[in-house]
Protein chains: 2
Amino acid sequence: MPSPDTEPRAGRGAPPGPGREERAHRILNAAAELILRWGYDKTTIDDIARAAGVAKGTIYLHWKSREALFAALLRRDRVAMLEQVRAGLAADPGGATPRSLFRHLALAVMTRPLMKASLLSDAEVLGKLIRNKPTVQTAAAMRSLSEVYLGALREHGAVRTDLSAVEQVNVITGTMYGFFMITPRMPEDHRLSGEHLAELLADTLHRALDAGRPLTPDQTAEATGAALAFLDEALRVARERLGLSLTTTDLGEDYRQ
Amino acid sequence: MPSPDTEPRAGRGAPPGPGREERAHRILNAAAELILRWGYDKTTIDDIARAAGVAKGTIYLHWKSREALFAALLRRDRVAMLEQVRAGLAADPGGATPRSLFRHLALAVMTRPLMKASLLSDAEVLGKLIRNKPTVQTAAAMRSLSEVYLGALREHGAVRTDLSAVEQVNVITGTMYGFFMITPRMPEDHRLSGEHLAELLADTLHRALDAGRPLTPDQTAEATGAALAFLDEALRVARERLGLSLTTTDLGEDYRQ
DNA sequence: CGATGACCAAATGAGCTTATCTGGTCATTC
DNA sequence: GAATGACCAGATAAGCTCATTTGGTCATCG
C-alpha cells in the first residue's frame with residue numbers, strides 16, 4: 001500500500017512543507033497548459049483547479065488573486081528560461097561568447113510559448129493581461145540585460161565600437177523580435193525549427209556586432225565573465241520575484257512579471 | 001479669373017480624362033489619412049467623400065465597393081514604395097548592391113505607415129481587412145522578391161553560400177520584420193529615426209549575407225542588374241494591379257493587394 | 001452624361017434585460 | 001488547521017429591441 005502521507009486525499013491534511021511547493025507547481029502547470037490552449041481571458045480558476053486536481057479554495061491558499069497566479073506563472077517561466085540559458089552557456093565548450101549567449105537566449109525563448117507570447121505582447125494568449133497592465137516588464141528587462149552586458153563587451157573591445165551602444169541595442173532587439181515572430185508567418189516549406197532559427201539568429205547578431213578580429217583569450221574570458229555575471233544577476237532578481245509569487249505573503253499590488 | 005474647366009464645380013460635368021485620375025488620387029489621399037487616423041473599420045465612405053470634397057456617388061464611379069477602394073489604396077502605396085526604392089537604388093553611387101537595396105527598401109517601408117501596417121498585419125489600422133481576407137499578399141510578394149533576387153546573388157557569388165537560400169530568406173525576413181516593429185516598443189531615449197534604422201538594418205543584413213571578400217566589378221554589375229531587373233518586374237506587376245484598381249472595370253472578386 | 005445626394009436595405013451599435021459564469025470567501029469537514 | 005466546495009456579489013455573455021449608421025443605388029439635375 002502507498003505510504004499514507006505522499007498522496008494527500010480530499011479533505012485530508014496535506015504536507016505544509018515541501019508538498020506545498022510541489023502542489024503550487026502542479027497548479028501552475030495546469031494554468032500554463034490552459035492559458036496556452038484557451039488564452040488568459042478564457043482560462044478560469046475553476047478550470048485550473050479541476051485540471052490540477054485541487055479545490056478552488058486551495059488555489060487561494062497559494063495566491064491572493066487570479067492575477068497573482070498568472071504573475072507567478074510568467075515569473076516561473078522567466079526563471080526557467082534564464083536557468084536554461086545559464087546552463088547552456090556554462091556548458092558551451094567555446095566559452096560564453098556573445099554568439100553563444102544569443103543562441104541560447106533565442107533557443108530558450110523560442111521553446112517557451114509563454115515567454116514568446118509575453119515578449120511579443122500576443123493578445124491572443126495574454127488577453128487582458130496585455131491591455132490592462134501598463135507594460136509587461138520582460139522586454140525592458142531584456143533590454144537592460146543587453147545594455148549592461150553590451151557595455152562590458154564594448155569596454156573590452158569584444159564587439160565593434162563604431163556603432164553606438166544605442167544603435168547596437170536597436171540591432172539586437174530588432175533582430176531578436178523579428179526572429180521570434182516569423183515562424184507562423186513563413187510558409188510551411190520555409191519554416192525552420194527553433195534550434196535552426198536560434199543558430200541563424202546567433203550568426204546574424206554575431207556578424208552584426210563582431211569587431212572583425214577574433215577575440216583574444218583575455219577578451220573571451222572577459223566576455224564570459226560579463227555574460228555569466230549578468231545572467232546570475234538577472235537570475236537572482238528573477239528568483240527573488242518568483243519567490244514572492246510562491247508565498248502567500250501579500251504582494252502588494254505589484255503583479256508585473 | 002480661373003479657366004472654367006480646371007476646377008470642376010459641384011453638379012457640373014468634370015473632366016472625364018486626366019481630371020478623373022487626379023480625382024481618384026484625391027479620394028485615395030483622403031482615404032489614406034482617415035484610415036491612419038481612425039482605422040479601417042471606422043472609416044466610412046461618407047467620411048472619405050466629405051474629406052475628398054466629392055459626393056458619395058462619385059466614389060462609386062471609381063470603385064465598385066469600399067473594399068475595392070482600399071485595395072487600390074494599398075496597391076498605390078506599394079507602387080509608390082517600389083518606385084521610391086527603384087529611384088534610390090538607381091541613384092546610389094555605389095551601385096545597386098544588396099546593402100543598398102535593403103537600405104532603400106527598409107526606408108521606403110518605414111516611411112509608409114500603410115505599408116508597415118500591412119506587412120505587420122496591424123489590426124489596429126487594418127481592422128477587418130486583416131481578419132476577413134485570407135492573406136495579405138504583400139508579405140508573400142516580398143518573400144518572393146527576396147527569393148528570386150537571392151538566387152541571382154548566390155549564383156554569382158555575391159553573397160555567401162554556406163547558408164541555404166531558405167536560411168537566408170529567414171534571416172532577411174526575420175531581421176526586416178524585427179526592425180519594422182521595434183520603433184514603438186523602444187523607450188523614447190532609444191528611438192532612432194527611420195533613416196537611421198534603415199541604415200542599421202542594411203548594415204546588419206549586409207554582414208549577415210556578405211561573402212567576405214569585396215565584390216568584383218563584375219559581381220557588382222550582376223548584383224545591380226539583378227536588383228533592378230527584379231524591382232522592375234515587381235513594379236510591372238504592381239502597376240498592373242494598380243491599373244486594375246483605378247479603372248471602373250469590374251475587378252472580379254479579387255481585392256487582394 | 002458626369003455628378004449628385006436622397007434614398008433604401010442591411011449592418012452596426014447602444015441600451016437594456018436576463019441568464020450564466022467566475023473570482024473570491026468562509027463555514028464546515030476531516 | 002489544511003482543504004474543501006457551497007455560496008455570493010459582481011462581472012460577463014447572450015439575447016433582444018430600437019435607433020442610427022453605412023455601403024451601395026439610381027432618379028434627377030445641370
Side-chain angles (χ1 to χ4, degrees), chain A residues 4-5 7-24 26-27 31 34-35 38-71 127-129 131-132 247-248 250-251 253 255, chain B residues 4-5 7-24 26-27 31 34-35 38-71 127-129 131-132 247-248 250-251 253 255:
Chain A
D5 269 338
E7 289 196 354
R9 277 163 294 127
R12 221 24 202 78
R20 223 188 119 79
E21 198 171 333
E22 182 270 326
R23 188 177 59 184
R26 223 174 56 236
I27 294 171
L34 289 169
I35 195 183
W38 303 109
Y40 174 81
D41 292 345
K42 299 207 170 292
T43 299
T44 71
I45 296 282
D46 258 318
D47 293 339
I48 297 171
R50 201 173 318 123
V54 298
K56 189 157 63 158
T58 304
I59 288 182
Y60 287 89
L61 296 176
H62 286 270
W63 299 278
K64 71 177 261 248
S65 71
R66 180 174 116 109
E67 216 181 330
L69 186 159
F70 281 102
K128 291 183 178 166
L129 264 194
R131 279 182 256 284
N132 292 351
T247 55
T248 317
D250 198 313
L251 275 190
E253 311 85 52
Y255 296 131
Chain B
D5 268 336
E7 286 197 353
R9 278 163 294 132
R12 246 335 228 93
R20 223 189 120 78
E21 198 171 330
E22 183 271 324
R23 188 178 59 187
R26 223 173 56 237
I27 294 171
L34 289 169
I35 194 183
W38 302 110
Y40 174 81
D41 292 345
K42 301 210 167 289
T43 299
T44 73
I45 297 283
D46 259 317
D47 293 338
I48 297 171
R50 200 173 318 123
V54 298
K56 188 158 66 159
T58 305
I59 287 181
Y60 287 90
L61 296 175
H62 287 272
W63 300 278
K64 69 178 264 247
S65 70
R66 180 174 117 108
E67 216 180 332
L69 186 159
F70 282 101
K128 289 185 179 162
L129 264 193
R131 280 183 253 286
N132 293 350
T247 56
T248 318
D250 197 313
L251 275 190
E253 312 85 53
Y255 295 132

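Just so we're on the same page: letters track the sequence lines, and every chain starts at 1. In this text the structure is predicted, and so the values were computed from the model without any measurement.
Interatomic distance, CD1 of B/Ile45 versus NZ of B/Lys56, reported as 8.0 Å (0.5 Å rounding). Here A/Arg23 contributes atom CZ and A/Leu61 contributes atom CG; the two are 6.5 Å apart, rounded to the nearest 0.5 Å.
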Nucleotide N/O to protein N/O under 3.5 Å, stretch nucleotides 24-26 of chain D:
unit_1	atom_1	unit_2	atom_2	d
D/dG24	OP2	B/Tyr60	OH	3.1
D/dG24	OP2	B/Arg66	N	2.5
D/dG24	N7	B/Lys56	NZ	3.4
D/dG24	O6	B/Lys56	NZ	2.4

Produce the list of close N/O pairs, under 3.5 Å, pairing protein atoms with atoms of nucleotides 12-14 of chain D; give distances to one decimal.
unit_1	atom_1	unit_2	atom_2	d
D/dT12	OP1	A/Lys128	NZ	3.4

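For the OP1/OP2 pair of D/dA3 and a distance below 4.0 Å, the side-chain nitrogens and oxygens of A/Arg23 include at least one atom meeting the criterion.
Here the closest heavy-atom approach between residue A/Lys42 and residue A/Asp47 is recorded as O-OD2, 3.8 Å. Closest of all the heavy-atom pairs between A/Ala49 and A/Ala55 is CB-C, 4.0 Å. Nearest approach of B/Ile59 to B/Ile48, heavy atoms of both residues: CD1-CG2, 3.9 Å.
Remark: P of C/dC21 and CH2 of A/Trp38 are 15 Å apart, rounded to the nearest angstrom. One can place CD1 of B/Ile27 at 15 Å from C1' of D/dG23, the figure rounded to the nearest angstrom. Going from atom CH2 of A/Trp63 over to atom C1' of D/dA3 covers 15 Å, rounded to whole Å. Per the geometry, OH belonging to A/Tyr40 stands 13 Å off P belonging to C/dT22, to the nearest Å. Between the CG atom of B/Leu61 and the C1' atom of D/dG23 there is a distance of 15 Å, rounded to whole Å. When rounded to the nearest whole Å, the span between CG of B/Leu129 and P of D/dG23 equals 12 Å. The separation between A/Ile59 atom CD1 and D/dA2 atom C1' is 15 Å, rounded to whole Å. The CZ-C1' distance, from A/Arg50 to C/dC21, rounds to 12 Å in whole Å.
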Check: Would A/His62 and A/Leu69 count as a side chain to side chain contact (heavy atoms under 4.5 Å, CB included) if you check the C-alpha gap in whole Å, the side-chain angles of each, and the deciding distance to 0.1 Å?
Finding: CA-CA 8 Å; A/His62 286 270; A/Leu69 186 159; over 6 Å; no
Item checked: Worked check of salt bridge (charged side-chain N to carboxylate O under 4.0 Å, His left out) between B/Asp41 and B/Lys128 -> CA-CA 6 Å; B/Asp41 292 345; B/Lys128 289 185 179 162; 5.4 Å; no
Checklist line | Intermediate values then yes/no, side chain to side chain contact (heavy atoms under 4.5 Å, CB included), A/Trp38 and A/Thr44 | finding: CA-CA 10 Å; A/Trp38 303 109; A/Thr44 71; over 6 Å; no
Checklist line | A/Ile27/A/Trp63 under side chain to side chain contact (heavy atoms under 4.5 Å, CB included): CA gap, chis, key distance, verdict | finding: CA-CA 11 Å; A/Ile27 294 171; A/Trp63 299 278; 3.7 Å; yes
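Ranked by how close their nearest DNA chain C nucleotide is to the 5' end, A/Asp47 and B/Gly53 are led by B/Gly53.
Residue B/Thr58 is in base contact, counting any heavy-atom pair closer than 4.0 Å across all strands shown.
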